[in-house]
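For reference, the structure discussed in these notes is given below.
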Amino acid sequence: MDKKKFTRTLVTAALPYANGPIHLGHLAGAYLPADIFVRFKRLKGEDILFICGSDEHGVPITITAEKEGVSPKVIIDRYHEMNRKAFEDFGMSFDNYSRTSLPLHHKTAQEFFLKYYQNGILKQKKELQYYDEKAKMFLPDRYLVGTCPHCKSEDARGDQCENCGSYLNPTDLINPKSKITGETPILKETTHFYFPLGNYQERLEKYIAEKDKQEGWKENVLNYCQSWFKEGLQDRAVTRDLDWGVKVPVEGFENKVLYVWFEAVLGYISSTKEWAEKQGKPEEWRKYWQSEETKYIAFIGKDNVVFHTIVFPAMLMAWNDLSEEKYILPDNVPANEFLNYEGLKFSKSRGWGIDLKDFLEHFPPDPLRYYLASILPENRDTDFYWRDFQAKNNNELADIFGNFVNRTLTFTNKHFNSQVPEIKKLSELDEELIKQLPEFKNRIEALYEKIKIKDALNETMNLARLANKYFNDSQPWKTIKEDYDACATTINLSLQLIRTLAVLLSPVIPFTSEKIFKLLNIEDEDLKKWDGCDETKLKAGHKINQPEIIFTKIDDKVIEPYLKSQEKTEVQSVKNQKTETKSNVIDIDEFKKVEIRVAKVIECEAVPKSKKLLKLKVDLGFEQRQVIAGLAEFYKPEEMIGKKVLVVSNLKEAKLMNEISQGMILAVEDENNQLKLVTVDENLPLGSLLR
RNA sequence: GGCGAGGUAGCUCAGUUGGUUAGAGCAGUGGAAUCAUAAUCCACGUGUCGGGGGUUCGAAUCCCUCCCUCGCUACCA
C-alpha cells in the first residue's frame, strides 16, 4: 500500500457562513468529528494542520446588511467574531481560523481566476439580467421582489417564493421590482465567465475511484458523487454582478465579483497561508498543499459534498495542468449526514434548534462534545434530544466515568494518604486488566484512524465500564481490612486506569481530561500522550490532589424549559398539520373550499418538447382561461376541442414548461393507469358550480 | 414522477462477501454490594429486522412489488 508515503496530514473543516450563528447541527456534521480526529492525531505526535475560517461573501450577507441598514462588513464582523469565540469555547483546536474578507484571500482567489482566464479555461457567456437603472446595478435573484406566478403572493423573491415554496427564475416574477430602489428593473445584457466542469468529469470519476480504493470513502459520499456524474457535469458561472466579494481582476469586469462557490473553497488555502505568515515562515503552507507526502482530509456536512469532491478538485486539476506548483487533492471527504433537533430539521428561519453560543451559556462544552460524538450522523441523519443529552451526561459521564474517578480518588485520599500505593503482588484479576489495556488502546486507535468516531467512543466507554467492574470485583473496601497489599494493587491500577481513560477520552472531552491530569497531579507531558497510555506509568508514592467532582448531573428542572419551549414553536404546529393531513377524512368546510365548474374546451395544442402536457383554453362562461393538463398520453389535442369538462377554478396558478396554468381538469385513473376525462351532461351551462 | 438514502427492541442506534439461539447503550424488572456523585456490579428480551411475494438447504442481508420518512431533481395541477 502506498498509504505509508504520507508524513503529514492537512485537515480542513467546512467554512461556516458568516450570516448567522453556528448551531449544533453544524458541529455534528463537520466540526466536532474533525476536531476529535485532529486531537487524536496530535496526541500520537503526528504532524497535522487544522484549518478553518469564515466564509464572508455572497448575497445572503448583503441582504441581512440591507435589512439592518448596515454595511456587510458589520454583519461579517459580528458573526465571524461570534463563531470564532463559540468554536474556541467549544474546544475547537484550529491551527488557524481565518476569514475570506482578508486581502490575502482575495489575492489567492484572483490568482486562481487569472490562471484560468489567461489560459483560456473559462468560457464567456452573454445573458439577460434585470438591471436597476436608478441604483445603476444588476440585481441578484434575491434582490428582486414581485408577484409569484403560482400563488400570487406579492413578495416572492427572484429565486424562490417563500409563501408557496416554489423555486423561481427572476423572469418568472410578475411585476418585478428592485428591492433596493423599488423601481421596475429592465432586462439588460451582461457577460459572465463559466468554469467548464464537464471537461473534467472523466478525470474526476477516476480520481474518486482511486482515492476510494486507497482510503475507503464513505458510501453516502460516493453515492452523491455518482448522482452528479450521472446527470452530467454542467458549466458553472464563476462571476456575479455584485459589489460584495472578490473583484474580478479583468479589465471591463470591475463591477463583478467571483461567485462564492468559486472562491470560498480557496479559503482553505488562504487560511493556510495566513497561518504560515503568523509562524514567520510564509512559504510553509506549501508543505501542506503542494507535497505528495501530505494527506488531505476535508470534513464537511452532506450539503457540501459536490463542492469538495467535484468542484474543488476540478479547480485544482485545472490549476495543476497549468503550473509547476501542483496542489494535492482531497484524499478523503468524510461527510456526515445531518443532525436533527428533537425530531425535526434545524431551521434558522423557524427558530428551531439551538445555537452553540446559547448552549455554552448554560452548559460546559464537554458534555455536549461527548453527547454529540455519541450520536454523530455518520451513516444517516440522527437526532439531538434534550432528554437523551441529559441521560448520557448523567448515566454515562457522571455515573460511569465520573463516579469511577471519584470513588478511586476518594479511596486513595482516605486510605493511602493521597499517594499512589505500591504494587507488591498481582492477582489474576489484576493481570487480566493489565493485559486488556493495550488491547483496548489498539482497538480504539484503529477506529479513530478509520474516522469511526462513534465506535471509538463507545469502545472507550466500555473500558470505563470495565474499570468499575474491576473495582467492584476487587472489593478494595474489604481488602483494606484483610489484605493491604491486594488493596494497594487495586488502587494503584485504578489510578493507572484513570490516567489511561483521561488520555483515551481527551480527543472527545479535552477540558475534563486536563482537569483529571490536574487531579492526578500529572505535569509531565509525556504522561498525556497517546503512546504509552496503556502502560502503568504512575509511580508508587506519587502524590495526587484532593478529589473533585468532574461532571455534575443535569437536573430535570434544567432541561424542562427547553422541552416546554418546543411545544410552542411554529415547527411543532407544522408537524401537527402534517399528521392531520395524513388522515383522509376532511370535513364539509374543507370540501366547500374547492370550486369545481363546468367548462368547455375551445382550443387545445400540445406543449412543445413535452411528453405529457396539453395546453388548453377553456371557457367558464364568465371568462376564458389557459390550463395545462397532463393528458397528452391519453388524448389528442383535436379530440379535446369542444368537450365539456370539470375544472377546479380556484386553484393556485402554476407554471409548467413555462406555460401558465389557471386550473385543473378533472380526470380519473382506470385500472390500467389510463386517465379518462370526467364527462358532464351536455345541457349544463358553462360555469355551473359543483355542489 | 425520476434518482439516492433510510424503515432493526419502549427510545437512540450497530449489524449485509446470505449461515447456528439478530446485537449495544439507555429506559424497565429482579438481585448483590455499600468505597463512591442513591453511584457500581450481576441476571432478565415472545423484536412479524416496514408489508407482501420470490430465489435458496438457509434471507435483516439477494431479486420483484407495495407502503412510509428524508434528500436531490422534474414536464402533478
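Numbers restart at 1 for each chain; the letters A, B, ... are given by sequence-line order, proteins then strands. These values consider heavy atoms only, across backbone and side chains, with no hydrogens, waters or symmetry-generated copies. Predicted, not measured: the structure shown is a model, and the values here were computed from it.
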**Report entry** side chain to side chain contact (heavy atoms under 4.5 Å, CB included) partners of A/Tyr484, counting only residues at least two apart
**Finding:**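 Here the qualifying residues are A/Phe416, A/Ile480.
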
Query raised in the report: Among all residues two or more places apart in sequence or in another chain, which pass the side chain to side chain contact (heavy atoms under 4.5 Å, CB included) test with A/Ala446?
Result: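 Not a single residue meets the side chain to side chain contact (heavy atoms under 4.5 Å, CB included) criterion with A/Ala446.
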
Find the partner of [N]: check Watson-Crick (N1-N3 plus N6-O4 or O6-N4) and G-U wobble (N1-O2, O6-N3) distances, both under 3.5 Å, and reply none if neither fits.
N      : result
B/rG6  : B/rC68
B/rU34 : none
B/rA74 : none
B/rG58 : none
B/rG47 : none
B/rC11 : B/rG25

Query - Plane angle bin for A/Tyr341 and A/Trp386 - parallel if under 30°, tilted between 30 and 60°, otherwise perpendicular - result: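 Perpendicular, since the angle between the ring planes exceeds 60°.
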
Tell me, please, which residues at least two apart from [X] pass ring pair (Phe, Tyr, Trp, His ring centres under 6.0 Å).
X        : result
A/Phe471 : none
A/His23  : A/His26, A/Phe346
A/Phe551 : none

Requested in this report: Give the rounded distance in Å between these two atoms: CE of A/Met461 and C1' of B/rC26.
Outcome: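 Between C1' of B/rC26 and CE of A/Met461: 12 Å.
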
Give [X] one of three labels, base, sugar-phosphate or nothing, depending on what nucleic acid heavy atoms sit under 4.0 Å from its own.
X        : value
A/Glu396 : sugar-phosphate
A/Lys454 : sugar-phosphate
A/Asp303 : nothing

Report task. With sequence neighbours excluded, give me every salt bridge (Lys or Arg N to Asp or Glu O under 4.0 Å) pair touching residues 397-422 of chain A. Result ->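 Of all non-adjacent pairs touching residues 397-422 of chain A, those that pass salt bridge (Lys or Arg N to Asp or Glu O under 4.0 Å) are A/Asp399-A/Lys553.
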
If I pick the [atom1] atom on [M] and the same atom on [N], what distance separates them, to the nearest angstrom?
N      : M      : atom1 : result
B/rC57 : B/rC11 : P     : 37 Å
B/rC75 : B/rC62 : C1'   : 35 Å
B/rC42 : B/rG6  : P     : 34 Å
B/rU12 : B/rG58 : C1'   : 32 Å
B/rU73 : B/rG10 : P     : 37 Å
B/rC70 : B/rG53 : C1'   : 27 Å
B/rU8  : B/rG25 : C1'   : 15 Å
B/rC26 : B/rA22 : P     : 22 Å

Report summary line: Nucleotide by nucleotide, nucleotides 3-9 of chain B touches protein heavy atoms under 4.0 Å in the pattern (B base, S sugar-phosphate only, - none) SSSSSB-

Report task. Using a 4.0 Å heavy-atom cut-off, write out nucleotides 34-43 of chain B from 5' to 3' as B (base contacted by protein), S (sugar-phosphate only) or - (no contact). Result -> SBBB-SBSS-

**Report entry** Pairwise side-chain hydrogen bond (donor to acceptor under 3.5 Å, both in side chains) hits with a residue in residues 490-499 of chain A, at least two apart
**Finding:**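 As it turns out, the side-chain hydrogen bond (donor to acceptor under 3.5 Å, both in side chains) pairs with a partner in residues 490-499 of chain A, which skip direct neighbours, are A/Asn492-A/Gln496.
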
**Report entry** Ionic contact status for A/Glu337 with A/Lys302, cut-off 4.0 Å
**Finding:**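 Yes, this pair counts.
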
Query - Position toward the 5' end of RNA chain B (nearest nucleotide), A/Asn458 or A/Gln475 - result: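 That would be A/Asn458.
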
**Report entry** Check: A/Asn393/A/Tyr371 side-chain N/O donor and acceptor closer than 3.5 Å
**Finding:**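 Checked: A/Asn393/A/Tyr371 side chains show no N/O donor-acceptor pair below 3.5 Å.
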
